[in-house]
Amino acid sequence: PARYDGAMSEASAQPAEALAFRPMRRSDLPRVLEIERLSFRLPWAQDRFLSALERQSGQSCVVMEAPRAPGSAGGGTEVAGYFVLEIRAASTHILNLAIHPACRRRGLASRCLAFIEQMALKVAAIARERDIALHPVGGPDGPSRARGEASAGLPRESEISLEVEESNLPAQLLYRKMGYRATEILHNHYPELREDGYRMVRKVPLRSAGGAPR
């Protein structure tokens, strides 16, 4: 089940700072596992991250590097958070997202969500262009269609979804602020915690693919 941690501090986020998003590497795992343990009651084991890293298709593991928090040892940047996605042409599922406690109160979770939206729209736009290439405008065997119009089988919006614990109100509030809405109650979704969950969804029109992050 997807989780989210780090929402409690988002309301007091600092002004935007320079961030770098890049694919997660094995060498990142010690820091990622540290964040995981500090963030969740049921943290993922290393094997689960390794499995995600080794998948060749449909899954994306990303870390976010940010300037070190004021007062921390050393300079430069550090891995401040990460997320794990399952991403398809018209749907993206957020499996995991966390921010290190020392890096919160800086708006980083919202920046992650904006970047995830960019990724989802880019994949959807590529799928749409491929569909148009396979079904050219005015083909001899069928009716023509307007240039840039995808076939009826390809959705015109990208759906981003996740699951969140019923008791995690701060995370729910952050997701609502970012445009997600609860669509389903998931009974006993977290059996180890004896807790229900909510499925939350954000739908983004494909025409936003080239726009600036929200």
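What you see below is based on every heavy atom in this structure, not just the backbone, and it leaves out hydrogens, waters and symmetry mates.
Note that SG of C61 is 4.5 Å distant from CG of L53, once rounded to the nearest 0.5 Å. With values rounded to the nearest 0.5 angstrom, S60 atom OG is found 11.5 Å from R55 atom CZ. One finds the CD1 atom of I160 at 8.0 Å from the CD1 atom of I87 (value rounded to the nearest 0.5 Å). If you take OG1 on T92 and CZ on F83, they are separated by 10.0 Å, rounding to the nearest 0.5 Å.
For the pair E54/R26, a side-chain contact is recorded, criterion being any heavy-atom separation below 4.5 Å from C-beta on. Side-chain contact check for M24 versus L29: some heavy-atom pair is nearer than 4.5 Å. Using a 4.5 Å cut-off on side-chain heavy atoms (C-beta onward), E65 and L19 make no contact. Between S110 and L174, some side-chain heavy-atom pair lies under the 4.5 Å cut-off. For the pair L85 and H93, the minimum side-chain heavy-atom distance is 4.5 Å or more. In this structure, the side chains of F49 and V32 come closer than 4.5 Å at one or more pairs of heavy atoms. Taking the side chain as every heavy atom from C-beta outward, Q46 and L50 approach each other to under 4.5 Å.
Between Y190 and G197 the shortest heavy-atom distance is CE1-CA, 3.9 Å. For R31 against C103, the heavy-atom pair with the smallest separation is NH2-SG, 4.2 Å.
Between the side chain of N168 and the backbone N or O of E165 there is no donor-acceptor pair closer than 3.5 Å. One N or O on the side chain of R104 and one on the backbone of I99 form a donor-acceptor pair closer than 3.5 Å.
Other residues, nucleotides and ligands place more than 12 heavy atoms under 6.0 Å from the CZ atom of R181.
Taking 4.0 Å as the cut-off between side-chain N and carboxylate O, E157 and R202 do not count as a salt-bridged pair. Using a cut-off of 4.0 Å between Lys/Arg side-chain N and Asp/Glu carboxylate O, E36 and R48 are scored as not salt-bridged.
The aromatic rings of Y175 and Y180 lie perpendicular to each other, with more than 60° between the two planes, well past the 30° mark.
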Would E195 and S167 count as a side chain to side chain donor-acceptor pair (under 3.5 Å) here? Give the steps. CA-CA 8 Å; E195 186 168 353; S167 63; 2.5 Å; yes
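Taking hydrophobic clusters as Ile, Leu, Val, Met, Phe, Trp and Tyr residues chained together by side-chain heavy-atom distances below 4.5 Å, Y198 does not share a cluster with V201.
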